[in-house]
Number of protein chains: 2
Amino acid sequence: MRPTAKQVAEAAGVSVATVSYVFGGRDGRVAPETRQRVLEAAGRLGYAPDQAARSLRRGRTQRVCLVQGSFGGVPTEERLARDLHEMADAQGYSVVTLTVYSRARAVAAADVLRGGIADGALINVSGEHLTPDLLASVVSTGLPVVAIREGEVPPGCDVVRVPEADACAEAVEHLIAQGRRRIAFLAHRHELYTGRPSGRLLGYTRALDRHGVDPARRLIVSGADDRVAAYQAVTELLRSPDRPDAVFAASDRAAISTIWAVRDAGLRVPEDVAVIGVGNIDEGLIANPPLSTVGPLRHDCTDVVRLLFDRLRAEEPPPARELVRTWSFLRRGSA
Amino acid sequence: MRPTAKQVAEAAGVSVATVSYVFGGRDGRVAPETRQRVLEAAGRLGYAPDQAARSLRRGRTQRVCLVQGSFGGVPTEERLARDLHEMADAQGYSVVTLTVYSRARAVAAADVLRGGIADGALINVSGEHLTPDLLASVVSTGLPVVAIREGEVPPGCDVVRVPEADACAEAVEHLIAQGRRRIAFLAHRHELYTGRPSGRLLGYTRALDRHGVDPARRLIVSGADDRVAAYQAVTELLRSPDRPDAVFAASDRAAISTIWAVRDAGLRVPEDVAVIGVGNIDEGLIANPPLSTVGPLRHDCTDVVRLLFDRLRAEEPPPARELVRTWSFLRRGSA
DNA sequence: CTGTTAGCGCTTTCAA
DNA sequence: TTGAAAGCGCTAACAG
């Protein structure tokens, strides 16, 4: 069904080596006329070199692996995925995507990576399933790895740091400075599941702590994962006698839903309820009022992706690098 | 660096065959105690069977391929991707994603598929780059293929039909019946690039034609691909002296931006401007007014995904199947 | 410029 | 229950 080089060789009246030369790109090696014959026969048979055999022989798969924490819907992950795909396409790589949403998936992902499914991996998992030892077991095989991660990473792997917590704390302190007394946090579910607060939630709690806000006055609800949940959570919050006068949402999408919910409740943003999101998505600019947010100024992830491809190209493993992304609080109309 | 079965065998004092038995799942084949020794040695060395070698030998990759037309941001594609990932994970498959946004990428994707990158493919590309002959060259290798597609598909491949055009025409006819005289269409860019109108655009033009609307009165603008572009496009449209009294947007996201733009311009939805979107995303329910839309009642794509996995499981290639999804016009508050 | 051939790491048949 | 060995399809070193 799937033709092999041998069949093409027979059809073209040459040896398998010649077929391999033609498809292997070793151009000068084959006479133009022979080359033509081979291509013609291959075209007729619908031949394409078997990837498994080629990978086994060459020791390279021409694939890169993206390890994600969740499925689409998160703008910042999407952008990373897109930049990785574009770079991969341009360099002749395919992209295989692994999703890690449980311990079992993390173990499976590590096995698959150690099994050589790809020539390198870009790991963007925030949960706790992918433990340092698991990551280390992958890195120790010599696989080029770039990890976007807080906390510990094994030696020999590039790491990208995103100082979310600091920028978020700044935003929440801005709310406190404005005199907001009841600041709600609209959390991603996974933030609530982890042991210690990290990232966005950590920024929130840290700012409140720093200003001596009674922990009992914290108001943390789930809903940042999707727009409808956010709308509903905020609508409910606003019905409380002790309603918040500010909402810090862990995503811009949730923050925009918050603006809707506040307006639909007959209240004003920011006068009655200040709103701040996270992510700096473009949509925030057309919200009414424009959304104040915490996030990167540029969304482009090519620098992260380049870390990986630099490693793929290198003969010798280069020294491990650390990239720190810039995050800031962007004040616009909603807070 | 990456240990082989041979090394594990030596460390455990057994033959490579035994190592293979342990990792190949052929359970009863190995004495519990031997098995333990092998696993222990493998764990120490960090062994995982080489995928390329295994694939070559077994003739199966344990991978499925998703071929997409664009990168994230399209809710309906995201849902398909998620359902595919979940099914794949559950069945022990990985997912490799190919993106086809040009003729060159289409040719490359076909080569990669014919090269056996995966055991089956789910193809969800609406553009014209992936021509029927290219698709046929892939199907003819015997690769299980499920295509979500309008128009021609090669024999031997399952196809999923989405009657978008009919449902969209119904929505536009509803606008006409309401007495709307100037109905704008907010298009995806790719719809404007293709030769003949298809899908959503086709529904729009067909409805107008059917009611004898002068083609010169059609109002087609780009902007459905992203929320900000939609907002700006509509804002501009509303400034025209001959402003539309209805907007049919090719995506719900654009339709929601349209609602904002109309309200921010001091006009009312639906009194001054009716708005209808496409996709039936949840977010439409919390829009104000709730968004009228065209789309599926259920978003679940497990039936589509199952077509593929049925084919993967089958010994004999089953007869080609056609799945027709149900699309309808869902009238809510915005039109 | 083209052909012959070893061998990548694994699975699986067959033999012990 | 375990081992020996052939061979999946390809590439690359070497020979001609």
Side-chain angles (χ1 to χ4, degrees), chain A residues 1-39 41-42 45-63 111-112 114-117 119 141-143, chain B residues 1-39 41-42 45-63 111-112 114-117 119 141-143:
Chain A
M1 216 97 179
R2 241 144 70 51
T4 69
K6 193 170 164 198
Q7 291 169 37
V8 175
E10 276 163 14
V14 297
S15 74
V16 286
T18 303
V19 175
S20 174
Y21 293 146
V22 169
F23 281 88
R26 308 234 57 51
D27 253 352
R29 218 116 165 42
V30 181
E33 183 237 317
T34 313
R35 179 189 164 73
Q36 208 46 49
R37 262 208 336 274
V38 171
L39 285 175
L45 296 175
Y47 171 76
D50 183 87
Q51 306 223 349
R54 173 175 273 188
S55 297
L56 177 59
R57 180 59 232 237
R58 284 195 174 161
R60 283 177 302 120
T61 59
Q62 293 295 103
R63 267 174 256 137
D111 280 347
V112 158
R114 282 208 319 278
I117 199 176
D119 299 335
T141 64
L143 186 79
Chain B
M1 215 97 178
R2 238 144 71 51
T4 68
K6 193 171 163 196
Q7 292 169 38
V8 175
E10 278 164 12
V14 298
S15 73
V16 287
T18 304
V19 175
S20 175
Y21 293 146
V22 170
F23 281 88
R26 307 231 59 51
D27 253 354
R29 217 117 164 43
V30 180
E33 183 238 317
T34 314
R35 178 190 165 74
Q36 209 45 51
R37 265 210 330 278
V38 170
L39 285 175
L45 296 175
Y47 171 77
D50 183 87
Q51 305 221 349
R54 172 174 275 187
S55 297
L56 176 58
R57 181 58 232 240
R58 284 194 174 163
R60 282 177 303 120
T61 59
Q62 293 294 106
R63 268 174 254 137
D111 280 347
V112 158
R114 284 207 317 277
I117 200 176
D119 299 336
T141 64
L143 186 79

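By convention in this document, chain letters (A, B, ...) are assigned in the order of the sequence lines, proteins followed by strands, and residues within each chain are numbered from 1.
- Residue-to-nucleotide contacts include no donor-acceptor pair under 3.5 Å from the side chain of B:Y47 to the base of C:dG9.
- Per the geometry, CZ belonging to B:F23 stands 10 Å off P belonging to C:dT11, to the nearest Å.
- With hydrogens and angles ignored, the 3.5 Å screen pairs a side-chain donor or acceptor of B:R114 with a backbone N or O of A:G46.
- A distance of 8.5 Å separates CZ of A:R2 from CG of B:L143, quoted to the nearest 0.5 Å.
- Minimum atom distance to the side chain of B:A31 is reached by D:dT1, of the listed C:dT5, D:dG3, D:dT1.
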Q | Which nucleotides of DNA chain D pair, in dot-bracket form (Watson-Crick or G-U under 3.5 Å, | meaning another strand) | A | ||||||||||||||||
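- Along DNA chain D, the nucleotide nearest to B:V14 and the one nearest to B:A53 differ in position, and the one closer to the 5' end is contacted by B:V14.
- Within 4.0 Å of A:T4, counting heavy atoms only, lie sugar-phosphate atoms of the nucleic acid but no base atom.
- The residue B:A5 sits close only to the backbone: its heavy atoms come under 4.0 Å of sugar-phosphate atoms, none of a base.
- Of the listed nucleotides (D:dT2, C:dT2, D:dA4), D:dA4 has the atom at the smallest distance from the side chain of B:A17.
- B:D119 contributes atom CG, which lies 7.5 Å from atom OG of B:S55 (distance to the nearest 0.5 angstrom).
- Within the nucleic acid shown, B:V19 has no heavy atom closer than 4.0 Å to any nucleic acid atom.
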Q) What do the steps show when you test B:E33 against B:R37 for salt bridge (Lys or Arg N to Asp or Glu O under 4.0 Å), and what is the final call? A) CA-CA 6 Å; B:E33 183 238 317; B:R37 265 210 330 278; 3.0 Å; yes
Q: Evaluate side chain to side chain contact (heavy atoms under 4.5 Å, CB included) for B:F23 paired with B:L39, printing each intermediate quantity in order.
A: CA-CA 9 Å; B:F23 281 88; B:L39 285 175; 4.3 Å; yes
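- Regarding A:K6, its NZ atom lies at a distance of 15 Å from the P atom of C:dG3, rounded to whole Å.
- In this structure, the CZ atom of B:R54 is 18 Å from the P atom of D:dG9, given to the nearest Å.
- A heavy-atom distance below 4.5 Å is found between the side chains of B:Q51 and B:R63.
- Whole-Å rounding puts the B:R58 CZ to D:dC8 P distance at 17 Å.
- Rounding to whole angstrom units, CZ of residue B:R37 and P of D:dT1 are separated by 14 Å.
- Between the CZ atom of A:R114 and the P atom of C:dG9 there is a distance of 17 Å, rounded to whole Å.
- Here A:T34 lies in heavy-atom contact (under 4.0 Å) with sugar-phosphate atoms only.
- Per the geometry, CG belonging to B:L56 stands 14 Å off C1' belonging to C:dT12, to the nearest Å.
- A:T18 is listed as a side-chain neighbour of A:V38, based on a closest heavy-atom distance under 4.5 Å.
- One interatomic measurement links the two molecules: CZ of B:R57 to P of D:dG9, which rounds to 10 Å at whole-angstrom precision.
- Looking at heavy-atom distances under 4.0 Å, A:T18 makes contact with sugar-phosphate atoms alone, never a base.
- Donor-acceptor pairing under 3.5 Å, judged by distance alone, is present between the side chain of B:Y21 and the base of C:dT13.
- For the side chain to side chain contact (heavy atoms under 4.5 Å, CB included) with B:V14, the lone residue among B:V19, B:V30, B:V22 that qualifies is B:V19.
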